[in-house]
**Q** 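Sharing a structure, written as structure tokens. Questions coming.
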Amino acid sequence: MSITLTDQDKLTLRTAAWGAVSLMSAAGAAGSAHKVATHGSIALTSATGPVGHVLSKAPKGVKYGKTVAELADQVLPALTAAMSLLKEQDPAEADNFRSTVIVAIEAAARTHQGEPSPTMAEMARKITGALDAA
């Protein structure tokens with residue numbers, strides 16, 4: 001199946017995926033927010049297929065806000081929207097996007113020794129919930 005993404009669709013995917021990494025970074029700020037962001041970013045830029053081509057670049061010009069709540073207000077709906085638009089065009093790419101974001105948040109969460117903090121675990125749950133809401 002062929003997939004056709006508009007510039008707005010690509011921005012939605014980038015905002016969703018890169019924003020999810022930003023949410024995990026904010027949730028992991030008690031440890032090393034930089035490490036969290038680095039590991040999550042590596043996962044996103046390692047994606048393959050059409051989704052991989054889109055996620056190879058971070059979104060430009062996106063204003064995420066000044067608080068984690070403002071960031072979540074943009075990113076969580078974008079995750080759901082990204083899944084919806086991909087499911088309509090190519091369910092396999094929707095699965096690819098979902099698994100890419102899950103790998104990114106798992107990579108981000110693993111930067112801490114042992115289990116992720118309760119804050120990071122809860123943020124990962126919210127991100128997964130947004131992905132599955134579509």
**Q** Report the C-alpha separation of I102 and I127 in whole Å, then their side-chain angles, then the decisive distance to 0.1 Å, and conclude whether the side chain to side chain contact (heavy atoms under 4.5 Å, CB included) test is met.
**A** CA-CA 9 Å; I102 296 296; I127 292 167; 5.7 Å; no
**Q** Can you list, pair by pair, the side-chain donor-acceptor contacts under 3.5 Å of residues 45-55, counting residues two or more places apart and other chains?
**A**
| unit_1 | atom_1 | unit_2 | atom_2 | d |
| --- | --- | --- | --- | --- |
| T45 | OG1 | S41 | O | 3.1 |
| T45 | OG1 | I42 | O | 3.2 |
| S46 | OG | I42 | O | 2.7 |

**Q** At their closest point, which heavy atom of V75 faces which heavy atom of A20, and how far apart are they?
**A** CG1-N, 3.5 Å
**Q** Verify the distance criterion only: is there a donor paired with an acceptor across the side chains of T12 and D9 at less than 3.5 Å?
**A** no
**Q** Decide yes or no for N96 and D90: does some side-chain heavy atom of the first lie under 4.5 Å from some side-chain heavy atom of the second?
**A** no
**Q** If I take atom CG from residue L79 and atom CE from residue M83, how far apart are they, to the nearest 0.5 angstrom?
**A** 9.5 Å
**Q** Specify the closest pair of heavy atoms between S84 and A134, including all atoms of both residues, with the distance to one decimal.
**A** OG-CB, 3.4 Å
**Q** If I compare all heavy atoms of G65 with all of Q74, which pair ends up nearest, and what's the gap?
**A** N-NE2, 4.2 Å
**Q** Side chains of L71 and S22: closer than 4.5 Å at any heavy-atom pair?
**A** yes
**Q** Is the backbone of L11 close enough, under 3.5 Å, to the side chain of T15 for a donor and an acceptor to pair up by distance?
**A** yes
**Q** Can any side-chain N or O of Q89 pair as donor or acceptor with the backbone N or O of A94 at less than 3.5 Å?
**A** no
**Q** State, yes or no, whether a side-chain contact exists between H39 and V21 at a heavy-atom distance under 4.5 Å.
**A** no
**Q** Taking the side chain as C-beta and beyond, is there a heavy-atom pair between F97 and L131 under 4.5 Å?
**A** yes
**Q** Do you reckon V68 sits in the same ILVMFWY cluster as W18, going by side-chain contacts under 4.5 Å, direct or chained?
**A** yes
**Q** Of the non-hydrogen atoms in M24 and A109, which two are nearest, and what is the gap between them?
**A** CE-CB, 4.0 Å
**Q** Please name the pair of heavy atoms, one in S117 and one in A27, separated by the smallest distance, quoted to 0.1 Å.
**A** OG-O, 4.3 Å
**Q** Nearest 0.5 angstrom please: K87 NZ to E93 CD, how far?
**A** 14.0 Å
**Q** Filter on side chain to side chain donor-acceptor pair (under 3.5 Å), then keep only pairs touching residues 125-134, sequence neighbours left out; what's left?
**A** R98-D132, E122-R125
**Q** Over all heavy atoms of both residues, which pair between A130 and T80 is shortest? Give the atoms and the distance, please.
**A** O-OG1, 2.6 Å
**Q** Do the non-hydrogen side-chain atoms of L23 and I105 ever get within less than 4.5 Å of each other?
**A** no
**Q** Can you measure from CG (D95) to OG1 (T100) and round to the nearest 0.5 angstrom?
**A** 10.5 Å
